[in-house]
Amino acid sequence: MLRSLKKMFKSNYLFTLGVIICLAWIIAAILAPVIAPYDPVVQDLTARLQAPSAQHWFGTDNFGRDIFSRVIYGGRYSLLAGCLTVVIAGAIGTFYGAVAGYVGGQVDNVMMRLSEMILSFPSLILAMIINAVMGSNLFNTMFALVIVAWPTYARLMRSVVLSVKENEYVTASEALGASKIRILMKEVIPNSITSVLIMATTDIGNQILMFSTLSFLGLGSAPPTPEWGMMVSDGVDYFNKFWVAGFPGLAIFTMAVGANFIGDGLRDLLDPKLRKQF
Amino acid sequence: MSQIETILEIKDLCVEFKTVEGTVQAVDHLSYTLHKGEKLGIVGESGSGKSVSSLGMMQLIPNPPGKITGGEIFYKGQDLVKASEKEMQKIRGNEISMIFQEPMTSLNPIIKCGKQIAESLRLHRGMDKKSAMTEAVRMMRAVGIANPEVRAHEYPHQMSGGMRQRVMIAMALACRPQILIADEPTTALDVTIQAQILDLIRDLNESMETSVIFITHDLGVVSELCDTVIVMYTGHIVEKAPAQELFAEPKHPYTVGLLNAIPRITKDRPPLETIEGMVPNPTERITGCSFSPRCPHATARCRETEPPMIQLSEQRTVRCWLYADKEKEA
Amino acid sequence: MERLKFIGKRLVYLVIMLIGVATLVFILTKMVPGDPVTANLSQRALGDPEIVAAYKAKYGLDQPIYVQYVKYIQNLLKLDLGTSIRTNKPVLDELSRCYPATIELALFAIVIAAILGILFGIISAIRRNSVIDQIVRAISVTGVSIPSFWFALLVLYFVYYKLHLLPGPGRLSNSFSAPATVTGMYVIDSLIEGNIPKALDAISHLILPGTVLAAFTMGLITRTTRSNLLDVMSTDYIRTARAKGLGRTGLIMRHALGNALIPVLTVIGLGLGNLLGGMVLVETIFNWPGVGQFAYESVLSNDFPAIIGVALLIALNYMIINTVVDILYGVIDPRVRCN
Amino acid sequence: GGSDSGSSTTKETAAAESGDSTNTGSNTVVVAMGAGFSTLDPGYTYEKYPPVIINACYETLFKFYDNEGAAEPCLVDTYEFSGDAMTLTVTLKDGITFASGNPMTSADVLFSINRCKNLQGNPSFICDTIESMEAPDEKTVVFHLTQPDSAVLSKLTYSATAILDSEVVKANGGTDAEDAAATDTAQAYLDTTSAGSGMYVMTSYTPDEEVVLEKNPNYWGEATNVDKYIIKIQPDSNTQMMTLSTGDIDVAMNMTDDTMAELAGAENVEIINGATKTVGFVMMNMNEEYGGPVSDPNVQKAIRKAIDYTGIQTIIGEGTLTPYSIIQSGFMGSKGERDADYTNLEEAKALLAEAGYPDGFDVDLTVCDLDMEGVVLTDLAQKVKDDLSQIGINVNIVSQPWAAGYGDDYRDGKLGFTVMYWGVDYNDPNAQLEFLPGASVGLRAGWTAEMAPELAGLYQEAMKATDNDARIVVLEQIQDMTYEDGPFIMIAQAPAHIGYNTRLEGVAISDPYALDLTLIHIK
Amino acid sequence: MAANEKDMLMKADHVKVYFKGKNKRSGTVKAVDDISFEIMRGETFGVVGESGCGKSTLGRTLIRLLKPTDGHIYLEGQDIATLKGAELKQMRKKAQIIFQDPSACLNPRRTVKQILMEPFEIHQMGGQMDVDARIMELLQLVGLDSYHLSRYPHELSGGQKQRIGIARALALEPDIIICDEAVSALDVSVQAQVLNLLQELKEKLGLTYFFISHNLNVVYQVSDRVGVMYLGKMVEIAAYDQLYEKRYHPYTEALLSAIPQVGQETGKKRIHLEGEVPSPSNPPSGCRFHTRCPKACDKCREEVPELKEIETGHFVACHLY
Ligand SMILES: Nc1ncnc2c1ncn2[C@@H]1O[C@H](COP(=O)(O)OP(=O)(O)OP(=O)(O)O)[C@@H](O)[C@H]1O
Ligand SMILES: Nc1ncnc2c1ncn2[C@@H]1O[C@H](COP(=O)(O)OP(=O)(O)OP(=O)(O)O)[C@@H](O)[C@H]1O
Ligand SMILES: [Mg+2]
Ligand SMILES: [Mg+2]
Ligand code: NI
């Protein structure tokens, strides 16, 4: 596994690139207070809407705030939101799907209909309504994202579990007298989780996109929090000042690309079908 | 059997696979000849290179990871290893055909069976749609499919395993190839169905004079069907002999072990003899005779130097130091 | 008989799902702390309790929630979606007004996405690990990762504003008046009118928003096509076909593609469903008077009947698409047809 | 009539198609304006943009012919207040016909205004002070008022009181009966065409997309040379900027300061910046339960002193004004702008210390998702936050959608500290009297009449003064009393930015109508 | 060899296992249809039959991995057909199973040690004995070393994996083990090793096997008694030596003749069975074999033959006898 990971780094440039990009953003977000040259929320109206320069690498916004600093700090929110959403939605969906797939029958039927209902629902609108219900701040937005995201995991997990539970090692465990819960937790879930993990990596990118989309629509964290989506949304008003919306947009984009590259790479690495082609 | 016509000659064929774990020498200096009308059986344990060697003949080794690293395959004077993809396409399905182990997955699920058979006719014989279809139906009847006119318009999943294998055979034989390679065509089938298929192959071999290379791990099948047998172990041929001679008097210790390990229906049921140990890991390189770690007769010489193919009689060869001196006698 | 039963079952399922969705939205909208009165009355009118009460009565908002719910579901079963609080018109009328615009754009986008996606997928699968493959994969990842609102802005700014290559927002140029409504899709309606320049103009207006919408789905389709094609290319029946002497083109076109595209169909179906649900941004930015914009406005003004209406419409769409995909599966894949 | 006019325009425009900028040379003018409305039935219109269309298709008894100044007669020939200011008698002009050809009579006036009142729509409150009406003859209407209302003439300029062709409207389901709210079904009709006496006739309306106006062939007055208006609904300012610069549209009504800047050098585009009467304000609840520290009058003073008004002008952009107090600049009686050097951090700190908060305090500032003429309120909130941080007040911005609770809390006076805006309902300073203690907006800040009885009393005084000079005296008194005190700080009058193609003239910012189409000419 | 001489371990009494199809059309699959037989303690009961005839289903039902639709299964006199909960769990200690595919029957994410620990964890036997020592003992029993303990299944060869599977089945010291195609996936040389191992364990531990295979050679090699199944029915049951002497049922006869034997003359006389096994969801009327039977008569088409004892201990279900 480690050996093949090493091989991946050597052979799959896109994967390597993805890892580099994501690591860079994560490090930047963690070390934001060290890296960022300015306070992300302090205004300086004398330096409004300045183009990128040596003082302000990414220029300034309409309050004269340094966009580079804001982008660096912004990573904290976007990344956190993306990762947490995926972790929570993944956990809920995985368990839900595993139970549905493993128990089967009517239980499966009802559970899947329920998740389908949410799936068939326009996700953005659902998120908007949830946000309206709960009020918009970072955590409520994440909550909305989780609600929207988990059914996808549930479905994936269910389909994997359906095939995994046919494996003879599951029957073997049953023959030994293992309880259903034990079989689910020890046999079924560990062997089904890989594809969920792969999906989760790619999904981090999607969730960051989704989160920034909600922020763009004005549902997200409260200003002046430097959140990427909101920064793009603010920048839309300064359309001809490309840097105001451009850099935060680029940040979202690169982060999503990075996550996708990693996800793709992992898929190649872990999916035995593709793996044999290496 | 006086003027036997050689149709295929393989010389020192080597095939390698590059895998994550290392390089696998799947076929190692394989040489043999196939005569016209001959039924050649290849037996050996799983992973011994049976399939790869036959895929090598068709230039169908998945590349990457596989690659033919040496050797020649002469078919009608042409070296298939050096043949271009275009030339190979003319040969495949036309001169040399192949059927595979998995009848369930070897047919395209979304194309009707008749059409799949007709396809090679249209490809190689340049037939039009209609006459190709007629010929396909004829072929289906020839391989014993009842009601071929109806069956031709069915999809593979509507047929049972035995039926599908017949369709595969009909497809392979449609263009009346010189050589039919059958890679474990009956392993997935029930014994009663297997018997039907074996009879079919034997009949076709007689009526069409097609040479058959029959790959299997079931020595019983070889014994029933084949004229000549090749026993493979870790990419090598360890023994080659006419079928009767081989089963009556196996020479190579591996062949001997293999034969003794087969359960037979006898009254007194002697306990099975076993070959100790396991087939070595394919990425490992073994110096000397590759069977030496498991061989009860292994000597220091076996472990150091690889034995050559030793010609015992006109039709028998064996790769074992035990027979090194006998060669001179012969 | 079997078929009828199947259709019957499907219909019952559909109705149950829709009621479920309606219930879900109903509960959600009732949980919203604000009430639609504030959202829809003027700041001034809010000060007058009489107006507020009359307004609530008009939309039945003064009744207990369960009464509202039962009434709503009853009406729903009569295909009455109620009256939009914001626009004071039947929701059904509002939806039938904006739906064609959305469908037109979504269909256009999915066609672009499918064609490009499949093409890219094939190319990159055939030339696996080559430079072209890497480029195509980069494009598909870009499509999947680019924030659509940002992409929309970029495209508008450069292609429309700076370079004047394609028309920007709106469904038609000012020089054309909207065609008489038959389908509500301008391209088709213009063609029905026999006005080719207008149809072309309508198509050219579809390109930019269509591309932006298509980007994500195209990425997905490219990916799925590529990996499926690779999977299929390593199957036994492809080996059989090669052993038959088929060349590369025949192999891919006749044997591999059909099988590889079966799962792609699901992605296309899902993509179309998502497009319809994810229109909000693109429609707002491209000023496209479709369901997305309507939904956005409705959410902003707590227009419950409208929100539920949109949700039902999109859920219905989703389910219809799923059904169509299932049926197509049957057409393409004989294995499904028989079960 | 919609579909055949559609096909006739196709021909004429197919020729224009070839040119790059479509409209040059034609007598069609394309206007882009914002969204946010869904009906063009005058009886229901209340939002910002419908007046653009209603003003072109209908007429009102009175009208503002320019942006500043008072209402002047339009359909009315003469008018007269009774001595106690409780009745208003108007006589209509002669020879006025509707687009249908029907002559206008006092019955139409009664129908229209009663309908507006009885529909109970958003704008019905405009008629609140009208007790009843009578029509002694075909040309005379007598308004009986509930109380003296100095703003009644201004109110009668409002779109909702547009005079409808009662015959046509009735034929299409309209009614002015008491129960009109339930029985009137004319909205569907009035959303497809107009039934007024205005210069134009609406020939099509595609919600959220476009409105088409064509010349009224039966117009009784003198028309301009614009034959047709296509009004595109384009909420996004960037879109408008781009379409304007490419010549796709002739007038862009919702530009922002920044998008304007992009067009600054363009040769065929003219831009106007000017203040509207829409005003952004900070509200500090007088009720301590909600307001906490900001309910303290000294804290309110301190905050007023701490806010950087010029900074806010910079952020909102060119054309922004800081009104003197609650009556915006531009209204009759307004005292104009607040002193430019009003801001004084030292004084603010001193006031804060006096209030017992020498080190400042933490406070939540609730803000909703609305925007004021394109300026999002959160931007104002961020500026306020930054300014207050200078005197040690740590503001925590809480955003809450208008529809999801903010609106309710605002209405119920439960917001402690917020940034909000106010768009004038009808173009009259009296609209601003609602900010007085005890009045509807005042109460939202927990400002009851008992808290400032003197100021509260000025409300009635201002209503009674039908004489303009007398009004001005009262209004100035109100402004002085709220200059330094009270829970409202008017922080900026939002500018409007209109860009238009130079082939037009007469394009101007209009408070009552957003844009007066009847004044635009093609050069 | 009368049945009562030896101690009877298991008895199947009119066992039926039907699978309801997903939709109405696919119908009910009568995978096991009214089968009765007995298994003596210490014997190996072999079952042969073509693919899909219900061997696995029968085997799994015997140890209650599947619930019989009808009938009784007695294990040491206790009817286990309807056991539930704790009782079922207790029963699991007495009956175990070894599977066909050695790679599929071991959880790929657990080490050999974890796999072998599992039975003790499930039955909470950790406290009662030295589990580690027991695991070592098991390993030795199946001929493996302690260094295999930390390996993952994919690091082992097929034969080794199968040995782990056997060790796991032995862990709870069962009375009976179902071997469902336990050697079919193995190469000839390894197959012989495993068969010998099973034989050895049986003698050492006094086990009883229910040995399923489609390979008659293998079944014959290990069984004391052999049952031949066709389409959910038992058509012939006999001791191995009886079967060697005389096969009564035409199907058994045909099956035997169809197996290619090493060293036999090519083209030996063979009983041809035409056609394929009919679908178990729509079995033929009467004797299920009549569609392929060379000796079928009218009676076969109509009447279902009973399993009759033709000779002592030799049961046949055929109208010919
Ligand atoms: N696609 C491949 N990638 C990597 N290694 C391969 C591939 N195909 C075959 N090999 C290796 O080549 C060797 C020979 O394989 P081959 O399929 O010829 O065996 P075989 O004798 O046909 O076995 P079996 O009886 O199982 O079919 C094996 O060690 C195998 O691991
Ligand atoms: N869970 C199930 N649901 C429905 N049908 C089943 C199920 N399990 C088995 N069957 C059906 O029951 C019949 C008997 O299957 P079983 O697996 O017992 O056969 P088998 O004799 O073990 O065959 P093989 O030799 O192929 O393993 C088959 O037709 C099979 O399709
Ligand atoms: Mg093989
Ligand atoms: Mg089985
Ligand atoms: Ni076999």
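A distance of 5.5 Å separates CZ of A:Phe216 from CG of C:Leu153, quoted to the nearest 0.5 Å.
Only the side chain of A:Thr202 comes within contact range of chain C, with at least one heavy atom under 4.5 Å from a heavy atom of that chain. When heavy atoms are compared at a cutoff of 4.5 Å, A:Leu119 approaches chain C by way of both its backbone and its side chain. In this structure, the portion of C:Ile285 lying under 4.5 Å from any heavy atom of chain A is its side chain and not its backbone. For A:Ile208, no part lies near chain C; criterion is any non-hydrogen pair under 4.5 Å.
Top candidate by heavy-atom pairs under 4.5 Å with chain A, chosen from C:Ile321, C:Leu24, C:Thr142, is C:Thr142. With chain A as partner, the option from C:Val299, C:Val310, C:Leu316 having the largest number of non-hydrogen pairs under 4.5 angstrom is C:Val299. The most heavy-atom pairs under 4.5 Å with chain C, out of A:Leu14, A:Thr213, A:Val232, come from A:Thr213.
Heavy-atom minimum distance, A:Glu116 versus C:Met17: CB-CE, 3.6 Å.
Counting only residues at least two apart or on different chains, the salt bridge (charged side-chain N to carboxylate O under 4.0 Å, His left out) pairs with a member in residues 249-265 of chain A are A:Asp264-A:Arg267, A:Asp264-C:Arg223.
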Go through it in stages, so that I can follow the logic: the residues are A:Leu124 and C:Tyr296, the test is side chain to side chain contact (heavy atoms under 4.5 Å, CB included), and I'd like the CA-CA distance, side-chain angles, deciding distance and then a yes or no.
CA-CA 10 Å; A:Leu124 202 57; C:Tyr296 183 64; over 6 Å; no
Give the C-alpha distance, both sets of side-chain angles, the deciding distance and a yes or no for side chain to side chain contact (heavy atoms under 4.5 Å, CB included) between A:Ser120 and C:Ile314.
CA-CA 7 Å; A:Ser120 69; C:Ile314 292 178; over 6 Å; no
A:Arg113 and C:Tyr13: CA distance, side-chain angles, deciding distance, side chain to side chain contact (heavy atoms under 4.5 Å, CB included) verdict:
CA-CA 9 Å; A:Arg113 288 302 90 83; C:Tyr13 163 71; 3.0 Å; yes
Any chance you could lay out the side chain to side chain contact (heavy atoms under 4.5 Å, CB included) test for A:Leu209 and C:Trp150, step after step, and finish with the verdict?
CA-CA 11 Å; A:Leu209 282 184; C:Trp150 194 61; over 6 Å; no
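Residues of residues 140-147 of chain A lying under 4.5 angstrom from chain C, judged on non-hydrogen atoms, do not exist here. Annotation: residues 245-258 of chain A contacts chain C through A:Ala245, A:Gly246, A:Gly249, A:Leu250, A:Ile252, A:Phe253, A:Ala256, A:Val257 [non-hydrogen atoms, separation under 4.5 Å].
Among residues two or more places apart in sequence or in another chain, the side-chain hydrogen bond (donor to acceptor under 3.5 Å, both in side chains) test is passed with C:Arg242 by none.
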